[in-house]
Amino acid sequence: MIAAQDLHTEFQEVESQLSSDTDLEDPDGKNARGGKGTTARKGKKALGDKAKSGGAGRVPGVGWVNGHHQENGMENMTLFEVVKMGKSATQSVVDDWIEAYKHDRDVALLDLINFFIQCSGCKGAVSGEMFRHMQNSEIIRKMTEEFDEDSGDYPLTLSGPQWKKFRISFCDFIAVLVRQCQYSIIYDEYMMDTVISLLTGLSDSQVRAFRHTSTLAAMKLMTALVNVALNLSINMDNTQRQYEAERNKVIAKRANDRLELLLQKRKELQENQDEIENMMNAIFKGVFVHRYRDAIAEIRAICIEEIGVWMKLYSDAFLNDSYLKYVGWTMHDKQGEVRLKCLTALQGLYFNRELSARLELFTSRFKDRIVSMTLDKEYDVAVQAIKLLTLVLQSSDEVLTAEDCESVYHLVYSAHRPIAVSAGEFLFKKLFSHRGPEEEGLPRRGRQSLNGSLIKTTVFFFLESELHEHGAYLVDSLWECASELLKDWETMISLLLDEPMPGEEALTDRQETALVEIMLCAIRQACECHPPVGRGTGKRVLTAKEKKTQLDDRTRITEMFAVALPLLLAKYCVDIDKVTNLLQIPKYFDLDIYTTGRLEKHLDALLRQIWEVVDKHTDTEVLEACSTTCHYLCNEEFTIFNRVDIARSQLLDELVDKFNRLLEDFLQEGEEPDEDDAYQVLSTLKKISAFHNAHDLSKWDLFTSNYRLLSTGLQNGDMPEQIVIHAMQCTHYIILWHLAKASDGSSLKGDVVTLRKQMRAFCLMCQRYLSSINTAVKEQAFTILCDLLLIFSHQIMSSGREQLEPLVYTPDSSLQAELLNFILDQVFIDQDDDNNSTDGHQDDEASKIEALHKRRNLLAAYCKLIIYNVVEINTGADIFKQYMRYYNDYGDIIKETMSKTRQIDKIQCAKTLILSLQKLFNEMLSDLGFNFDRSSSAFCGIKELARRFSLTFGLDQLKTREAIAMLHKDGIEFAFKEPSPQGEGSPPLNLAFLDILSEFSSKLIRQDKRTVHMYLERFMTFQMALQREDCWLPLISYRNSLQVGGDDDTMSVISGISSRGSTIRSKKSKPAAASKRKLPEENSSSSSDAVWMNREQNVQTPVMMHSPHLTSTVLRDPKKMRPEDSYTTAYTMPAEQHPHQPVPAQQQPHSHHQTAIDYNTQVTWMLTQRQQAEARQQQERVSMHYAKMRNHMQQAMRRGSGLMEDDEEPIVEDVMMSSEDRLEDISEGMDFDTMDIDLPASKNRRERTELKPDYFDPSSIMDDSVRLFRIVDVVGYGLPCYQGLPH
C-alpha cells in the first residue's frame, strides 16, 4: 500500500516542480495560483469555512434525491452509475449536477470526487467528514488502502461493448461539464481548483487504475478548457475590433458609454482568459509533463493524442516548439501504439497548409526520424509514417530529399498491402501529380497524351527499381490512386504498336518488355479484383458496384485486345518474354464477344499467330503458354469451339506426324544420329509434351513411340538427357489421361487392362533409370515414380471407384530400397557437394537456393509416400535420423512427416523413431568403436535427437501410452542384443543405448514404468545387478529413470554428468528437503518401488541385490516395505528396528556375536558381504570423481549465472510484498527501460547445511549414513543392530 508519508512527499515534490517548471508564457504573473498546491489550499479553505458555518445537506434539486440522481423517479443512482448506464443524455446529467451544485456546492463536489474515484474501479467512497477535514493526499492514501487489488481490471481496461461505451460517456461527461460551466462556475475558484488538485494527486499515484483514469480525465478536462480558451480568444478579438471601431469614430458620433461597456467586457474576458490559462498551466505541469513518459503505454498515448488536439484547436497558444518537442521525443517510444499516436497527431497538423507552414523547424529536426519510421516493425506505424510523409510532400516539395523519397519508393513492393498502398500513393503524388504548362492541352488518350508520358514514367520507375519480377506488386500498389492511368490500355497499345513521332524518343526493347508486363498485370488486376499472391489474405466478396466495374473492364479488354493482340504477337513473335506475357491475355477475355462483336476474323488471326509461335519456339514456358491459351479458347460452352478445335487438331496432327517421322530416322539401326536429328526430335517432343499437359492426345497413341525411345536410351546409354526427360514427362501425361478417362467411366473394359500394363511397364522403366549416371534423368524418374505410386495406390479406389482396383500398384521391396537410396544420395548432402545442381557456380546464392528448393521437393515427394502408406513407415527411419543434422534445410518437412505418421499409426511411428536412433548408434559404433566416450559429440547428438523426438509426443501420456511402451521395449531389446566383444563380465555392446532411451522415460506413466522395469529384468543377469563400474552407468541411470514415483528428473547424477556435463535437479525431491530431517517413517526415493518387480520370473537371479541409490538416505517405514523388497532380511531384527544399507566391514562385530539367520544358505551371506565391499569401493570412487566434476561445474556456473551449483530454490519470502499487485506498480513506476532489481542475498548458502544435505552428492550420503545411525549392541541378542536417532 502507498504510505501517506511517501505520498505527501511526492506532493511536495510536484509542488516544487510546478513553481519552477513553466513553459506557458505568463507575462502578468497571474499563474502563480494555478499550481496544484495553491489550488488545493484555496479549495480546502473554502471547505473549512463552509464546514464552520454548519453546511447542511443538499437541497433536493431537479432529478436528485438525497444526493443521488433519480431516474424516472424510481431508483437512486450515483453519478458513476448514471454515466455507466448511458441511458440518460449527458447534457441532462450535467444540468442536474449543476443545479445541485448551485444548491449545495460541497455535496455536489463530493459526488463529483466520488465519481472519479469510482471510475477508477475503487470500491471505497469519500465521506463528507473526509472531504471536510482531510487533505487530498490523505484522501488518496485512504482510497488506495480500500482499493480492491484482487483483480487488475478497472473500467477503462475492461472489455465489452458496455465498457467501451462507458469510456466514451466518461470523456463526454467531462467535456459537457466544462462547456456548461464555462460562463460562471469554472471561475468561482472552488470547483475547478478542487477537481484539478484531485486529478493531479491521483495521477501521481502508484496504483495504475488511479493514474490511468485521472490522466484521461485531466487530459479531457484540458481539452475542454482549450475550447473555452479558444472561445474567449475569439470574443476578445471581436470586442477589441468593436472597441477600435467605436473609438475611431468622430467625437460627435462616439458613444462613451458603449466604449466603457466594451472596455469593461474586454477586461472581464482578459481576466477569464488568465484564469483559464492558470488552470491549463496547472494541468499541463501537474499531469502531462509527468505522465507523457509514464511506464504504461496507454497513459503515454492519451497524453500525446490530446496534445495533438490542443495544437490543432488552439494553434496560437500550443503550436510552438515548447509543445511540439514532446511529440518529437515520443516518436522514439518503445511501444507502437504511442508512436502511432504521435504520427496521427502530426497528420492533423500537416494536413492544414496554414499550420504546416509553422512546422519548418520541427520538420527539419525530426524529419529523419519520420522517414525511418516507414520501416517500423509495427505495420500500422509504418503506414501512418508514409501517410505523414505524403502530407509533408504536399505541403512542400523541397523538404524531402531524393534519398528520403527513395526510402519510401521501394515499399511499393512490400508484402504488406496497406504499406504498399500508402507507398503507392506517395509515389503517385511525387511523380505523377505535377503537371507543367507544356502538358496542358494534350489529348486525353493516345501516344501523345498526358497518360502516355505518365505510363513511360511508370515503366522507367519499374526498371530502375530492379525488381522486374514484381510488376503485379507495383500495379497493385498504384491501383487505388492511379487505376485510371493503369486502365488506359489504349495508350499502352499505341506505345507498343505506333511509330514514334518526329523528335520523340522510342522505347527500348527492355522498356517494351516492362510495358508488356505492366499491361498484363493491370489486366489481371482489373479482371480478378484481388491482390497478387503473397499480398492479402484471400479473395473478398465484391460489392455490386465493383462487380459492374469488373464486367465493364472485361468487356473493354476483350474488344480492345481481340483486335490488337494478333498484331502484338506478330510484332514480337520471336521475343520469349513478350510473347509469354501476351499469350496470357486471352484467358481474361469474354469469349462471347468474338461472336456478338463479329470478331471471328481476329480470332482466326490469333490462332494463326499461336501456330507461328509454336513453330518458331522451343522454350518450355512459351509452349506451355500456347497450350494454356488454346485450352481456354477450346471451351465447348462458346460458339467459337468448333473453329478453335479444328485449328488445334491441325496443329497437333502436324506435330505428331513430324515426331513419328523424325523418330524413325533417329532410331534407325546402323546409323548414329547426329546433333541436328537429336535437336529436331527434342524440339518436337517438347511441343507435344507441352500440349499433352492441357489437352488429351490419346487418339494419337503416343505411348508406343515414347516407350520405344526410352527403351533405346537404356540399351544404348547414349541418349541425350533432355530427350529422355521429356519422353518420361510425355509418357506420364499419357498414363494420366488414360486414368482420367477410366475414372469417369468413359473408357472401355479393355482400356483398363491396357492402362495397367502400360503403367507397370513405365514404372519399371523409371526404376531402371534410377541407376542412370545423369542426375537430371534420375531426378525426373524419381519424381514421376513418386507421383505414379501415390496416384495408383490403394486410395485410387476411394469415392466409389472400385472398378479401378486392377490398377492398384504396390512397390516391392527393391523399388522401395532404390527410392530410399536415391533420397539418401541426392537429398541429404552438403551444399558444397551439390556440384551438379549448381552447375559449378558455388558462389551463386540464387543457384544454391534453387538447388535446395529442388531437393526439398524431392524429399517432400518421398515423404508423401510414407504419409499415405505407400511405402513402409519404417523406411522413414533413415529420414528421421537426419532431423538434427539437416534441421535448417528440411526440419519442417521431417517434423510434419513424423506428425502425420503418428496420426496414422502411433505404435509403428514410435518403432520407426527408435529404429532411427538405433541406426545412428550403430553408425557411431562403426566410426568410434565400442570403447567410445559417452561425452563425445556424436553420442550427445544422438541423445539430443532422442530428446527432440520425446518432445514430439506431447503432454498427453495416455494417448501415446502404448507407443512409448513399445518404444522402450524395442530399445531394451536392442541394448542387450549384441554380447560384449570383450567376453563375459563386460557390458553388452549396445548397453550405452539405454542412456539414450532414458530420454523417453518421462513419457511413461507410473504403471508402465513398473512394466518396463520388469521387462528390463529379463535381460539382466545376476552379475549385471552387482556391477558398479563406469561402463555400467547407462544401466544404472536407466533403471533409476524407471523408478515408480519419479520421472527422468530423478535419474542418477552420474548419468547426468556423463551425458550433459551438469547435474540434474529433481523437482519432486523438493518436498523431502524440509528445514529439518524427517524421522525414519518418512517415505524415500529408496522405496520398494525401486526394487525389482516379480523376482520369481527371473530364474537366473533368485536373490537379487539392490543397487545402492545416490539420491536419498531417508529410511522407509517398515510397515510400507514388503519382506521380499529388503535385501538385508538375512538378519533377524526386532519389529521396531528398521532395514537399511549394510554397515561397512570395519564396523562389523566379531563372528562369535552372530546369531541364526532367516535363510539357511551360505550363498546369501556371501552375496551380502560382496555387496558391502563393492558399495563401499563404488562410493569412494564416485565421491572422488564427483568432487572433481562438482568443482568444475561450480566454477563454470559462477562464471555464468553467478548462482551456486547446488542451490535448490532461493528463499524470497523475506523480499515478497504484501500484495501481488504492488509488483506491477513497481514496474509501472520505472521509465521506458526496464530495471534490474537486486534482491537481498539468499539465505540458502547459510541455511543449506542446517536444512538438509546435498542429496546429489555421494559423499554426503556416506556422511549421513554415519551421522544418522549408530551401532547399538543389544544385550541378549549379540547382533549388531542399527537404530535411527532423531535430531
Side-chain angles (χ1 to χ4, degrees), residues 39-71 73 75-85 88-120 122 124-136 139-140 143 169-202 213-214 217-218 220-221 224-225 228 275 279:
T39 56
R41 285 193 293 272
K42 282 194 173 184
K44 293 306 173 183
K45 180 179 179 181
L47 285 171
D49 296 339
K50 189 75 176 180
K52 291 177 182 178
S53 62
R58 178 192 308 171
V59 177
V62 180
W64 291 84
V65 177
N66 296 328
H68 297 291
H69 185 76
Q70 185 181 27
E71 189 170 346
E75 183 180 0
N76 293 333
M77 293 189 298
T78 63
L79 198 57
F80 167 72
E81 293 172 344
V82 173
V83 174
K84 186 181 72 172
M85 292 290 291
S88 301
T90 307
Q91 181 78 31
S92 63
V93 175
V94 171
D95 290 342
D96 291 343
W97 183 88
I98 292 175
E99 287 294 326
Y101 183 82
K102 291 179 180 178
H103 286 288
D104 191 329
R105 64 180 188 176
D106 285 350
V107 177
L109 202 55
L110 181 61
D111 289 341
L112 188 61
I113 291 174
N114 281 320
F115 168 71
F116 290 119
I117 296 296
Q118 293 172 0
C119 287
S120 301
C122 182
V126 180
S127 64
E129 186 70 18
M130 294 169 58
F131 181 61
R132 286 190 295 269
H133 300 292
M134 296 176 64
Q135 294 291 328
N136 277 341
I139 293 176
I140 295 172
M143 292 300 100
S169 301
F170 177 74
C171 298
D172 290 343
F173 174 81
I174 296 174
V176 174
L177 177 64
V178 174
R179 187 178 70 240
Q180 295 299 104
C181 300
Q182 65 177 323
Y183 299 109
S184 60
I185 296 179
I186 63 174
Y187 304 112
D188 66 356
E189 297 185 355
Y190 183 61
M191 189 270 282
M192 289 300 296
D193 290 354
T194 305
V195 171
I196 292 174
S197 179
L198 174 71
L199 294 179
T200 304
L202 289 174
T213 307
S214 61
K220 292 299 180 181
L221 184 64
L225 291 175
V228 174
E275 287 281 343
M279 297 176 193

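- Scanning for ring pair (Phe, Tyr, Trp, His ring centres under 6.0 Å) contacts around Phe116 gives an empty result, with sequence neighbours left out.
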Inset, instruction - Could you check Val176 against Trp97 for side-chain contact (heavy atoms from CB on, under 4.5 Å), going step by step and ending with a plain yes or no? - result: CA-CA 11 Å; Val176 174; Trp97 183 88; over 6 Å; no
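- Residues that satisfy the ring pair (Phe, Tyr, Trp, His ring centres under 6.0 Å) test with Phe80, not counting sequence neighbours, are Phe166.
- Here the closest heavy-atom approach between residue Phe131 and residue Ile139 is recorded as CA-CD1, 4.4 Å.
- Side chain to side chain, Tyr190 and Asp106 meet the donor-acceptor criterion of an N or O pair below 3.5 Å.
- Of all heavy-atom pairs between Val126 and Asn114, the closest is N-OD1, 2.6 Å.
- Taking the side chain to side chain contact (heavy atoms under 4.5 Å, CB included) definition, one finds that Ser214 meets it with Leu199, Leu202, Ser203, sequence neighbours left out.
- A distance of 10.0 Å separates OG1 in Thr213 from CZ in Phe115, rounded to the nearest 0.5 Å.
- Nearest heavy-atom pair across Lys220 and Cys171 is CE-SG, 3.5 Å.
- One finds the CE atom of Met130 at 10.5 Å from the CG atom of Asn136 (value rounded to the nearest 0.5 Å).
- Partners of Ser169 according to the side chain to side chain contact (heavy atoms under 4.5 Å, CB included) rule, which considers only residues two or more places apart in sequence or in another chain, are Val83, Lys165.
- Under the side chain to side chain contact (heavy atoms under 4.5 Å, CB included) criterion, Cys181 pairs with Ile98, Leu177, Ile185, Ile186, Met191, not counting sequence neighbours.
- For Gln180, the side chain to side chain donor-acceptor pair (under 3.5 Å) test picks out Gln91, Asp95, with sequence neighbours left out.
- The minimum heavy-atom distance between Leu110 and Ser127, with the atom names listed, is CD1-O, 3.9 Å.
- Closest of all the heavy-atom pairs between Ile196 and Thr200 is O-OG1, 2.6 Å.
- Contact check for Leu221 versus Met192: side-chain heavy atoms found under the 4.5 Å cut-off.
- Between Arg179 and Val94 there is no side-chain heavy-atom pair separated by less than 4.5 Å.
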Inset, instruction - Check the pair Leu79 / Phe173 against side-chain contact (heavy atoms from CB on, under 4.5 Å), numbers first and verdict last. - result: CA-CA 10 Å; Leu79 198 57; Phe173 174 81; 3.7 Å; yes
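- For the atom pair Leu112 CG and Arg105 CZ, the distance stands at 14.0 Å (nearest 0.5 Å).
- Considering every non-hydrogen atom in both Leu198 and Ile113, the closest pair reads CD2-CG2, 3.7 Å.
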